[in-house]
Amino acid sequence: MTSTPMSSTAMSDAWENRDDVDLARSVLCANRFESLAAAVQPVFRDAMVARIGRRVGHTRLALDLACGLGDWTRAYLDFADAALGIDINARFLSVAERGASEAGVAARCRFSRRSLTDPASVRPAGLIALGGCVQYLEDADVDALFGRIADVQVPGQVLYLRSTVTTALRQPFATPGGRYRTARFYEERLEALGYRLAERLSSATAFCEALTGGDRPERLDVQTLVASTLSAPVWAARQLLRRSDYVNWVWVKR
Ligand SMILES: C[S@@+](CC[C@H](N)C(=O)[O-])C[C@H]1O[C@@H](n2cnc3c(N)ncnc32)[C@H](O)[C@@H]1O
């Protein structure tokens, strides 16, 4: 693992010395169910990586920015010859290195300690992944990072972004755990930088589709109709009360 001096903002500084490895796994739901999220996260991750892989095809390098424990970094080897994980937290990186070694892929999977605010963290790659991390950056740092990514990617290359966002009726807000911007905040910027949206789905949807194979009931019987009608108001109330969501975007450079 290489190491460079850190330069970053207060919220992501808080990550630098964190040693609660379980926290790095809680990426499925931004609001509740965090321990459930940790348990189901591999199902969600593998389903999402398969979707990303279908867009990428094959690439020489996958760059996993803010890679955490490196499980996504390793999974990108399904369609990348090599993967490079970058993170600010040395403890997470040593777990990531051990994981790559145990999986027998250490030669193809490298890790480096840098901040996302360090321009050297971005390099050309057929896939650049930003999983669950931009919410810790200031707006200006998000702009700088997106700009650097757009500068190094060529048409057809893929950017995967996952972030907490506000739900439709809520105003942006921040907690000590991160910034909840509108989905539009990220979408406007990436569209302006020449990215085309290939897929957008919530983490919960990706997870449910992975479990059911995206199956729908073959025919609508009376029982299903009554059950859905009765549960619709509860579903609508839940949507209204929810403040945040976790959105996955797969973007392709034009
Ligand atoms: C919720 S975890 C996500 C980990 C992984 N990408 C995933 O999808 O499972 C957030 C990660 O962002 C990293 N991080 C936060 N701020 C950072 C920064 N400024 N530079 C690099 N990594 C940062 C943390 O150390 C942590 O590993």
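Counting from 1, the numbers follow the sequence of the chain as shown. Start at 1 and go down the list; that is how both ligands and their atoms are numbered.
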> Under a heavy-atom criterion of less than 4.0 Å, does Arg162 contact ligand 1?
Replying inline: yes
>> Taking distance alone, with N or O pairs closer than 3.5 Å, would you say Leu116 contacts ligand 1?
In response: yes
> Taking the six-membered ring of Tyr76, is NZ or CZ of Arg74 closer than 6.0 Å to its centre and within 45° of its axis?
Replying inline: no
> For ligand 1, which atoms sit closer than 4.0 Å to a heavy atom of Gly132?
Replying inline: 1 (C), 2 (S), 3 (C), 10 (C)
> Arg114 near ligand 1, heavy-atom distance under 4.0 Å?
Replying inline: yes
> So is Asp87 in contact with ligand 1, going by heavy-atom distances below 4.0 Å?
Replying inline: yes
> Of Tyr246, Phe173, Tyr136, which is the lone residue that meets ring pair (Phe, Tyr, Trp, His ring centres under 6.0 Å) with Tyr180?
Replying inline: Phe173
>> Cation-pi check for Trp72 against Arg162: NZ or CZ below 6.0 Å from the six-membered ring centre and within 45 degrees of the axis, yes or no?
In response: yes
> Do Leu93 and Leu77 sit in the same hydrophobic cluster, where Ile, Leu, Val, Met, Phe, Trp and Tyr count as joined when their side-chain heavy atoms come under 4.5 Å apart?
Replying inline: no
> Do Glu16 and Asn89 touch side chain to side chain, with heavy atoms closer than 4.5 Å?
Replying inline: no
> What residues form a ring-ring contact (aromatic ring centres under 6.0 Å, His included) with Tyr186, not counting sequence neighbours?
Replying inline: Trp249
>> Any nitrogen or oxygen of Gly131, side chain or backbone, less than 3.5 Å from one on ligand 1?
In response: yes
> At under 4.0 Å between heavy atoms, which part of Ser121 makes contact with ligand 1: side chain, backbone, both or neither?
Replying inline: neither
>> So for ligand 1, is Asn89 a polar contact partner (N or O within less than 3.5 Å, distance only)?
In response: no
> For Thr117, is at least one N or O under 3.5 Å away from an N or O on ligand 1?
Replying inline: no
> So how far is it from Asn248 CG to Thr205 OG1, rounded to the nearest 0.5 Å?
Replying inline: 9.0 Å
> So which of Ala66, Gly178, Gly68, Ala129 gets nearest to atom 12 (O) of ligand 1, if we judge by its closest heavy atom?
Replying inline: Ala66
